[in-house]
Amino acid sequence: MKKVITYGTFDLFHDGHYNILKRAREYGDYLIVGVTGENYDIGRGKLSVHDSLAERIENVKKTGLADEIIVEEYLGQKIGDIIKYDIDTFVIGDDWKGKFDHLSRYCNMVYLERTKGISSTQIRSEILTTYSIGIITDIVDDNQLVKEAGTLNSFRVTSVYSDDVETAEEFQKKYEGVSAVANLDEFFAGTDIVYIRCATEKRAAFIRKAITQKKHVICDPPFSFSLEEQKKLYQLAKENNVILMDNVKMVYIHVFNQLLWMTQGGLIGDILSFQCSISRNDRDRKNIFYDLLALGLCPMIKIMGGEYDNVDIQISKDSEGIEFASLDFKYESGRVLINVGNKVRVRNQLEIIGSSGSIKIDGNWWRGSYFELDDPEADEVEIYNTNYHGNGFKYLLKAMADMLANGRIDTMGLFQDESLKIIEIVEKVKEKETTES
Ligand code: CTP
């Protein structure tokens, strides 16, 4: 018996899919179809898939062409499958031409011509609502939003606004398809979602304007230096039924949720100590102290909660503002230390010591790509990681797309009360900065 295998996502099942399965079957007596699992697609950055795995499997099944259906769960699985199922021929569409040549060591490799004029991408773009995103910025940099949004079918970055017209024009030149709009009302009129990444002092005013024009907002945290102001912004967003979301990508990445699951679920026991350090070289943005602080506080608030007994804040300043800060929190269960280096370089790391295990991330922990769990009982260090594409923006956008589809406006990556706790601390540090000058 000759066995054939082929793979695909088979989203929004179409004639192209049917044709390739039919032709693949003709290469043998038994056809195995590998359908991509949801985690595999998320890991390789394909977040736009519309149908669930169960629906996609069901659609392949309904053709009656597959003798067996398997799920493709990780990169490199194909080699193991060929060996396991004793495959004679591997069939795939010629959009992959050359990409699987290395498999010819294991079995016959056949690339079949794709059916012209149809693809899942095209169907998705026809059936999905596309939201226009506008960026408000002071610098000619999109934080990779244009590229990341482009990988999802439901978003397109269409416009940019800057208080400085030249910056917006430069931006337009740099990013294809993005138009500079000089008039703010016109800018809002052409967008569904606004991404605000200008200087902190200006964010709240832009958020207010965007919300009153009924635009959903993604904004770099902190939204402002005032807790009261942020509360009002949330209230306004609620009244206007729009989303107001922090641009914190980490909380939308799988591995961070695993970390949260472990710490909140008591898997490393009581948390005795939490330390987190952050600094970043951002050539275009000189003073990003408060952005770094807000990001640095995020894992603390998520993991330890916001109910600390007291905080001791040490800051070191130069003429342009804070260059380094150390925040020492006393929680009932243990101690938390947050170090933020603005111009002072600190080693980025996050360490959580629990009564029955500890967790560590060396390097840029906010990217949420891995963590190490030291399990003293097993005397082993286990590594948890996620395949991760781009800077994570697409995972945040995917969460937003789900919220829009479900008509929900409250964010669950970073809850409003968590974001407010961060601002409460930001406000304290700002006060300290002002009183010490
Ligand atoms: N395929 C085909 N003809 C098409 C579309 C897909 O022969 N018009 C083949 C692909 O080459 C692949 C299989 O069907 O071997 C599954 O492809 P998949 O990636 O699931 O479908 P696409 O329509 O290409 O999906 P997308 O637009 O999301 O890439």
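FYI, side chains are in, hydrogens and waters are out, and symmetry mates aren't considered; it's all heavy atoms of this structure. The first residue of the sequence shown is numbered 1, and numbering continues consecutively from there.
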Parallel, tilted or perpendicular for His17 and Phe13, by the 30°/60° rule? tilted
Inspect the contact between Lys231 and Glu228 and indicate whether a charged nitrogen and a carboxylate oxygen are less than 4.0 angstrom apart. yes
Main-chain N/O of Ile193 paired to Tyr131 side chain as donor or acceptor, under 3.5 Å: no
Closest approach of Ile123 and Leu12, non-hydrogen atoms and distance? CD1-O, 3.8 Å
Spacing of NZ belonging to Lys147 relative to CZ belonging to Phe393, to within rounding of 0.5 Å: 13.0 Å
Would you call Asp291 and Arg197 a salt bridge, using N to O less than 4.0 angstrom? no
On a heavy-atom basis, the closest approach of Phe371 and Val255 is CE2-O, 3.5 Å
Nearest heavy-atom neighbours spanning Leu103 and Ile82: CD2-CD1, 4.0 Å
Quick check: does any side chain N or O of Tyr111 sit under 3.5 Å from a backbone N or O of Gly98, one acting as donor and the other as acceptor? yes
Indicate yes or no: does Lys428 engage Glu431 in a salt bridge with an N to O separation below 4.0 Å. no
Any carboxylate oxygen within less than 4.0 angstrom of a Lys/Arg side-chain nitrogen, looking at Arg408 and Asp410? yes
Is it true that Lys421 and Glu418 have a side-chain N and a carboxylate O under 4.0 angstrom from each other? no
Sub-3.5 Å donor-acceptor pair from the side chain of Arg156 to the main-chain atoms of Ala149, do we have one? no
Which one of Trp96, Tyr106, Tyr7 satisfies the ring pair (Phe, Tyr, Trp, His ring centres under 6.0 Å) criterion with Phe90? Tyr7
Pairwise side chain to side chain donor-acceptor pair (under 3.5 Å) hits with a residue in residues 361-378, at least two apart: Asn348-Asn364
Distance, nearest 0.5 Å, that separates CD1 of Ile211 from CG of Leu244: 5.0 Å
Listed once per pair and sorted, the salt bridge (charged side-chain N to carboxylate O under 4.0 Å, His left out) pairs that draw on residues 47-69, sequence neighbours left out: Arg25-Asp67
With Lys215, which residues qualify under side-chain hydrogen bond (donor to acceptor under 3.5 Å, both in side chains), at least two apart? none
Salt bridge check, Glu323 against Lys343: does any charged N sit closer than 4.0 Å to a carboxylate O? no
Euclidean distance, Ser224 OG relative to Leu233 CG, rounded to 0.5 Å: 6.5 Å
When you compare the side chains of Asn59 and Tyr18, does any donor N or O come within less than 3.5 Å of an acceptor on the partner? no
Sub-3.5 Å donor-acceptor pair from the side chain of Arg347 to the main-chain atoms of Ser277, do we have one? no
Using a strict threshold of under 4.0 Å (side-chain N to carboxylate O), is an ion pair present between Lys202 and Asp138? yes
Distance-only, no hydrogens or angles: does the Ser356 side chain make a donor-acceptor pair with backbone N or O of Gly269 under 3.5 Å? yes
Any sub-3.5 Å donor-acceptor pair from Thr89's side-chain atoms to Val4's backbone N or O? no
Exercise: do Tyr27 and Asn108 side chains pair donor with acceptor under 3.5 Å: no
Scan Leu53, Thr9, Asp11, Val71 and name whichever one has a side chain to side chain contact (heavy atoms under 4.5 Å, CB included) with Val35. Leu53
Sub-3.5 Å donor-acceptor pair from the side chain of Lys432 to the main-chain atoms of Ile315, do we have one? no
Look at the side chain of Ser279 and the backbone N and O of Val346, then say whether any donor-acceptor pair between them is shorter than 3.5 Å. yes
Nearest heavy-atom pair of Thr191 and Ile133: which atoms, and what distance? CG2-C, 4.2 Å
Glu229/Arg208 salt bridge by N-O under 4.0 Å criterion: yes
